[in-house]
Structure formats: C-alpha cells, structure tokens
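Worksheet for the structure shown next.
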Amino acid sequence: MSRPRSGLGADWWRHGVLYQIYPRSFQDSNGDGIGDLPGITARLDHLNGKADSLGIDGIWLSPFYPSPMADFGYDVADYCDVDPRFGTLTDFDELLGSAHERGIRVIVDLVPNHTSDQHPWFLEARASRDNPKRDWYVWADPRADGSPPNGWRSAFPRVGRAWTLDQRTGQYYLHSFTREQPDLNWWNPGVRMAFEEILRFWLDRGVDGFRIDVAHRTVKPRSLRGHRPIENIPGVLDRMPPADEPELHALLRSWRQLLDEYDERMVVGEVFLFDPVKFVSFYGAGEDELHLAFNFAFLRAPWAAEAFRNVVATFERLLPQGAWPDYTLSNHDNPRAISRYALADDPERARRRARLAALMLLTLRGTPFLYYGEEIGMTDGPIPPERVVDVAGRDPERTPMQWDASRGAGFTTGDPWLPISREARTVNVEAQRSDPDSMLGLYRRLIAYRRASPALFGGGYRPIAGLPSDCFGYVREAETGAVAALLNFGDRPVRVRRDRLEGALGFRGGFVLSTDPGRGGPSSAGSFELEPDEGLLIENGGQPEAEDPLR
Ligand code: NOJ
Ligand code: CA
C-alpha cells in the first residue's frame, strides 16, 4: 500500500491546498484525444515536487472507472477498476505512488447515489421482478393511469422526469440524473455492504480519501413521498428526489467510522444545498460525519464585497466545534470563475477579479479547492453546437488543460475529445511558468506564502469592521503572527486610512503582495489605496519601513 510523504500529518486536509483533476481533460498520453492516468502521472511536476511547481498538497480525481460515459464517468459500471480509456489499475498505482512521493495526497470520487444502467447489478435487477438484485434499485409501480409514481424530476432539466418505465417488468425505476444512471436503494443491506467493500478496496490501495458524489441525497425516503419542491438554487425550484435525512446522516457516520479505522484519510461530500443550516449538518457533531462538505456558496455569489463577506460570516458562525470550512470558485459542473466574472465590455476586468478571488480563496480560514486550469486563468472554452457532448451544458468548463501554445496545447497529439480553446495560444502553463506576474506566478506565490505563514496555515479569522462598503477585509491570526487581506470589489479606487486600519488590526502592517503586478506602493501617504478589483496582503511587521512599498 502506498502512503504519502508529507509533513502536513493527519490534518493535511485542513492545512493543504487541494486541486481537482477532471481526468478526461488533463493530459492525454497515447494520442486518442482523451486524458488518462499515465498522463496525470507525467504532469505531476506541475503540481508539486519541483522548485517551480504550483505547490498543492492533494488532488481529487473525478471518476476514472469503467463507464459507458453517459455522464462522463459519473455512470459507473465497475467501482473497483479503471476504464481502459483512462488506463489500468497498475497505472493507478503508479499515479498514487508518484503523487505520494511528491507529498501529494490523492482522493477518488465515490458515486453511491446511482450506478450505470450497464452495471452488472442493474442488468440483474432489471432482468425480473424476483431477481435478488431487484431491490438494490428504486422501483415503483405506475399509477392507475400508467403515469410515473410521483412528480420527482431529474437534476438535469433536459432529462425531465426522474422515472423511466422498464417495459419488460412493468415498473418504473428512479434516476436522479440521466436514465442511464439508475438510483441505488440504500435501504437494502446488500448495497451498504457492497459499498463498504468498495471503500476498503481503495483505502487498502492507499488512497487518502473520497469525494462523495451527491452526498446530500443518496438515501431516498422509503415512502417515495413527502417532497415539496424547495428553492435550492435561488430562483430555481428543486424537484429532485429528496433524502431521508436521518438515515442519510447515519450512513455518513458509518462511513466516517470505517475511514477512521485507517490513518490520515478524509472524506469530502458534494452537499449541493444552499440552506446553510442544512449544509453544516453534514459535518455531524463536528468530527463524526464528513470531514468537509463542499461549499458552493462562492459559485453563486454576485461580485460584491458584501456577498463574499456574508458567505464567510455564515459558515464561521454555523460550523460546529471542530469542523473546518472549505471554499471553491470553480468545478466541472459550473462555469469557471473567471468567465462568471467577465464583463462583456471589459475582458481585462475578469482577469483582475479572478486574481482578487485567488487571493481571497488562498487566505481564508478553510481548505481551498482549485479546479485544473484555474491557476493559469483558463476561461470557459467555446463549444460549437456540433461538438456539444454533455447533457447539461457543462462542456465549456471541461475543455483540455492548456499546457503550451502548440496545436494540441500539449494536451494531446491527436484530436481532443473537446475543442481546445483558441486562447490556449496565449493562456498556457509554458507562457506563464517563469513570469512571476502571471496568474500562475500569483497562485504559486500565494500557495507558498500560505504554506509558510502560521496565521494562514491554521490561524483564526476576524473580519475587519468599518471598511468602505466595497471592501472586504479580514485578519488571520496565530500566536506567532498575523496577516490581513484587503479586497476591493468595487469599480472605484478605495482609500483606507493607515492609522484606522492599524487600529483595527492591532499591528503595524507590512506589505506582502498585491494582485496588481505593477503595484509599487501607496499613492498617498498614510493610506492604503486599492485600485478597482485589487487585493492586498499585509502582514504583521513585514518589510522594514524604508522598503515598505505601501508607505
Ligand atoms: C455531481 C457531479 O459533480 C456531476 O458531474 C454529475 O453529473 C452528477 N453528480 C451525477 O453523478
Ligand atoms: Ca488517452
């Protein structure tokens, strides 16, 4: 079993910076246009282990298991193997070993809500009503008029109803996503045992944990009733199949106990709920359910200081004792942050905002999750209609990683499964690698600073009161030092009086870095001046006064 070499210890998932890899899109090693596991292994230097690496501490791999790819791997046909398009189990072991040598932890994606309709369990289940596997899935009789048992809808609007009639056996089966993804019946003890074996299969191989898909809905109400549509995403009614909450939490507790039998493992759940009280309940009493629940609040936050300040205040207030926050700006299901922040008439603005957001993400109290390509400022790629492959419009945020300016962007020598963005010619790793002012340079500096700063590593969080309304500011403090971040979300310069700020901070501020590459110092004595969409990092003490560019 491979175990990681890393100084972060058991709490690596609190102190580390984690990075999501969508395997299809990271690096192709055999020219078939699809990213694969050997490709990821070949690119680990980008992530850690070399002087010019990004410096991240862990990767989350989206599914690489055998799959018909109706949902690009989130339809699993075998939980304990690797799809030949992605490689072999031996390739996985090599990836895990190489990652561990560099101090990179590896978490894999567990998809317990549903399987592929080609999974042997479902093939058996649909063979006849009395098949022993029948009850492993959620079946129900049609209503008297032949219509589906209830009004539940798939999470994907294009799919429509969450029920499909199996003509041969005359019953409907439930699918919260595509009809090729039948939902498992978590009331069946056989399903529970099968998943415990799957967890152990990967833990015994040495993986450092799991990302749990649809962690907030996996167990359905036994009655198949009782769901009133809720406004989960503001303005959009969620008619998706609901959860039996007590049973779901019991399931998560049992998985936590299983993980706790191993050393230094963690589980982060996809909890796609926007009610913060419900959301924090997935941490259990603090240390008995999920280690982390994916916090998607930033993905929906409008570009306003108040919005981000409120998100952080909410979770700082609600998280139970011992629980740890996390934040993320982008993932494979949502438009990339830099594209969300784009203003039609001013494309440069999005880049400035993305830089400010990076500073925020990497200095808050909470584990940052980066999404591949975010570190170079990759935007959503344009997808011509004939190249659309995803059922839910998520192709743009999944375009291939941009390594260099060559035809295949260094991603592939063949035809890429999704078009490579035209901007790859200028926005790529190669072009940014030795430029400290680039997005990659900024991410690298922020990660290195975070790692070396006790205040950012594990210190407390205190918002700074009394700042101009467009400004979000906070202090991170540990016994050995303090760091403050000042973030101007407005489109006008903001001036913060130095004496007032230092009164609030309780220390004399030394300049660490600005998200504006050209920034040399304050434009007026006695004040910190922030340009529109500029972020500043200030530390206790800092550089000697004479060299302080903010004086
Ligand atoms: C959430 C995953 O992130 C998404 O990509 C997938 O389509 C659904 N769950 C279904 O597995
Ligand atoms: Ca390949």
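Because only heavy atoms are used, hydrogens play no part in the values below, and waters and symmetry mates are left out as well, while side chains stay in. Owing to the predicted nature of the structure, the values given are computational and were not obtained by experimental measurement.
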Checklist entry - Strictly by modelled atom types, are Thr178 and Glu180 linked by a side-chain donor-acceptor pair under 3.5 Å? => result yes

Checklist entry - Strictly by modelled atom types, are Thr164 and His175 linked by a side-chain donor-acceptor pair under 3.5 Å? => result yes

Next on the checklist: Can you confirm whether the side chains of Ser67 and Tyr74 place a donor and an acceptor under 3.5 Å from each other?
Outcome noted: no

Next on the checklist: Can you confirm whether the side chains of Tyr371 and Glu397 place a donor and an acceptor under 3.5 Å from each other?
Outcome noted: no

Checklist outcome for this item: Tightest non-hydrogen contact, residues Asp75 and Gln181, listed as CB-CG, 3.7 Å

Item to check | Shortest non-hydrogen contact between Gly58 and Ile56, atoms and distance | outcome: O-CD1, 3.5 Å

Checklist entry - What about the rings of Tyr22 and Tyr372, do their centers lie closer together than 6.0 Å? => result no

Checklist entry - Heavy-atom distance under 4.5 Å between the side chains of Val389 and Ile383, does that happen here? => result no

Checklist entry - Do the rings of Trp303 and Phe489 sit parallel, tilted or perpendicular, given the 30° and 60° boundaries? => result tilted

Next on the checklist: Under a 3.5 Å distance rule, please check whether Gln402 uses its side chain to pair with a backbone N or O of Val427 as donor and acceptor.
Outcome noted: yes

Item to check | Closest non-hydrogen atom pair, Asp36 against Ile34 | outcome: OD2-O, 3.4 Å

Checklist entry - So among Asp346, Asp533, Asp491, which one has a salt bridge (charged side-chain N to carboxylate O under 4.0 Å, His left out) with Arg353? => result Asp533

Checklist entry - Is the backbone N or O of Arg398 less than 3.5 Å from a side-chain atom of Ser25, with the two atoms forming a donor-acceptor pair by type? => result yes

Checklist entry - Quick one: CG on Asp183 to OG1 on Thr218, what's the gap to the nearest 0.5 Å? => result 8.5 Å

Checklist entry - For the ring pair Trp202 and Phe92, is the centre-to-centre distance below 6.0 Å? => result yes

Checklist entry - How close do Leu530 and Cys471 get, heavy atom to heavy atom, and via which atoms? => result CD1-SG, 3.8 Å

Checklist entry - Under 4.5 Å between any side-chain heavy atoms of Arg43 and Val429, yes or no? => result no

Next on the checklist: Just by distance, no angles: are the side chains of Thr379 and Glu423 close enough, under 3.5 Å, to form a donor-acceptor pair?
Outcome noted: yes

Checklist entry - Do Glu270 and Asp333 have side chains that get closer than 4.5 Å, going by heavy atoms? => result yes

Checklist entry - Under 3.5 Å, is there a donor-acceptor pair between the side chain of Thr412 and the main chain of Gly408? => result no

Checklist entry - How about Asp93 and Thr90: does a side-chain donor come under 3.5 Å of a side-chain acceptor? => result no

Next on the checklist: Is the shortest side-chain heavy-atom distance between Asp78 and Tyr65 below 4.5 Å?
Outcome noted: no

Next on the checklist: Could you tell me if the side chain of Asp326 sits less than 4.5 Å from the side chain of Phe315, heavy atoms only?
Outcome noted: no

Item to check | Closest non-hydrogen atom pair, Val111 against Tyr79 | outcome: O-OH, 2.8 Å

Checklist entry - Between the side chains of Asp404 and Ser406, does any donor sit under 3.5 Å from an acceptor? => result yes

Next on the checklist: Check whether Tyr173 forms a cation-pi arrangement with Arg161 (NZ or CZ under 6.0 Å from the six-membered ring centre, at most 45° off the ring normal).
Outcome noted: no

Item to check | Side chain to side chain, Asp166 and Trp139, heavy atoms closer than 4.5 Å | outcome: yes

Next on the checklist: Quick check: do Val106 and Leu95 have side-chain heavy atoms less than 4.5 Å from each other?
Outcome noted: no

Checklist entry - Is the gap between the ring centers of Tyr137 and His119 under 6.0 Å? => result no

Item to check | Distance, nearest 0.5 Å, that separates CE of Met240 from NE2 of His216 | outcome: 5.0 Å

Checklist entry - Does the side chain of Phe72 come within less than 4.5 Å of Arg394's, by heavy atoms? => result no

Next on the checklist: Can you see whether Trp324 engages Thr367 through a side-chain donor-acceptor pair at a distance of less than 3.5 angstrom?
Outcome noted: yes

Checklist entry - Backbone N or O of Leu329 within a donor-acceptor pair of the Arg340 side chain at under 3.5 Å? => result yes

Next on the checklist: Measuring from atom CZ of Phe308 to atom CG of Leu361, what distance do you get when rounded to the nearest 0.5 angstrom?
Outcome noted: 10.0 Å

Item to check | Over all atoms of both residues, closest heavy-atom pair of Arg105 and Asp208 | outcome: CA-OD2, 3.3 Å

Item to check | Parallel, tilted or perpendicular, as decided by the 30° and 60° cut-offs, for the rings of Phe294 and Trp60 | outcome: tilted

Checklist entry - Roughly how far apart are Ile107 CD1 and Met266 CE, rounded to 0.5 Å? => result 5.0 Å

